[in-house]
Amino acid sequence: MGLGKQRSKFGAYLDRKRIPQERIREETKLGRDTLTRVCSRSEYYPSGSTMRKLIAAVRKLTGENVNTDDFWSM
């Protein structure tokens with residue numbers, strides 16, 4: 001967490017909330033490579049179903065009402 005690696009808005013959010021990528025992966029059942037892309041590449045734009053899974057997992061784990069616009073511009 002915050003070890004000098006490049007992070008997207010989504011990855012930086014997880015770091016601030018101290019949520020490991022592995023925990024999101026367990027919640028969403030997404031592949032490790034997909035989650036790595038989402039968390040590290042700012043230019044990566046996940047599919048609609050992937051976004052829904054990620055937002056649902058973050059809401060469940062943080063209790064915050066986050067939206068896709070918080071991480072990806074439409």
Side-chain angles (χ1 to χ4, degrees):
M1 292 192 194
L3 301 175
K5 53 190 169 185
Q6 184 180 15
R7 301 299 268 172
S8 65
K9 285 184 184 179
F10 187 79
Y13 179 83
L14 294 183
D15 291 346
R16 281 193 308 276
K17 297 296 179 179
R18 298 196 177 277
I19 300 171
Q21 282 182 214
E22 186 63 24
R23 183 71 180 103
I24 296 291
R25 195 177 74 74
E26 291 168 1
E27 285 293 323
T28 62
K29 306 291 190 241
L30 293 171
R32 184 170 280 130
D33 289 343
T34 299
L35 204 53
T36 297
R37 259 184 253 117
V38 167
C39 290
S40 63
R41 293 187 188 167
S42 296
E43 72 280 357
Y44 180 71
Y45 195 82
S47 69
S49 61
T50 298
M51 275 191 231
R52 283 190 292 278
K53 289 177 184 180
L54 292 167
I55 294 300
V58 169
R59 286 177 178 169
K60 179 180 178 183
L61 294 172
T62 65
E64 293 181 6
N65 189 20
V66 296
N67 296 305
T68 56
D69 294 337
D70 296 334
F71 307 112
W72 303 283
S73 58
M74 297 294 200

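All residue numbers refer to positions in the sequence shown, counting from 1.
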Atom pairs and distances, donor-acceptor, side-chain atoms in residues 24-34, under 3.5 Å, two or more places apart:
| from | atom 1 | to | atom 2 | distance (Å) |
| --- | --- | --- | --- | --- |
| R25 | NE | E22 | OE1 | 3.2 |
| R25 | NE | E22 | OE2 | 3.4 |
| R25 | NH2 | E22 | OE2 | 2.8 |
| E27 | OE1 | K60 | NZ | 3.1 |
| E27 | OE2 | R23 | NH1 | 2.9 |
| E27 | OE2 | R23 | NH2 | 3.1 |
| T28 | OG1 | I24 | O | 2.9 |
| T28 | OG1 | L30 | N | 3.2 |
| K29 | NZ | E26 | O | 3.1 |
| R32 | NH2 | E22 | OE1 | 3.2 |

Can I get a per-line list of side-chain donor-acceptor pairs under 3.5 Å for residues 67-74, giving both atom names and the distance, sequence neighbours left out?
| from | atom 1 | to | atom 2 | distance (Å) |
| --- | --- | --- | --- | --- |
| N67 | OD1 | R59 | NH2 | 3.1 |
| D70 | OD2 | N67 | N | 2.8 |

**Message:** According to salt bridge (charged side-chain N to carboxylate O under 4.0 Å, His left out), who are the partners of K17, at least two apart in sequence or on a separate chain?
**Reply:** E64
**Asked** Pick one: which of Q6, Q21, K9 meets side-chain contact (heavy atoms from CB on, under 4.5 Å) with C39?
**Response**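 Between C39 and the candidates, side-chain contact (heavy atoms from CB on, under 4.5 Å) is satisfied uniquely by Q21.
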**Item:** Minimum heavy-atom distance S42-S8, with the two atoms named
**Value:**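 The answer is OG-CA, 3.7 Å.
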**Asked** Where is the tightest heavy-atom contact between L14 and V58, given as atom of each residue plus distance?
**Response** CD2-CG2, 4.3 Å
**Prompt:** Tell me, which pairs form a salt bridge (Lys or Arg N to Asp or Glu O under 4.0 Å) where one or both residues lie in residues 37-50, sequence neighbours left out?
**Reply:**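 Checked against salt bridge (Lys or Arg N to Asp or Glu O under 4.0 Å) - neighbours excluded - no pair reaches residues 37-50.
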**Prompt:** Quick check: does any side chain N or O of S40 sit under 3.5 Å from a backbone N or O of R7, one acting as donor and the other as acceptor?
**Reply:** no
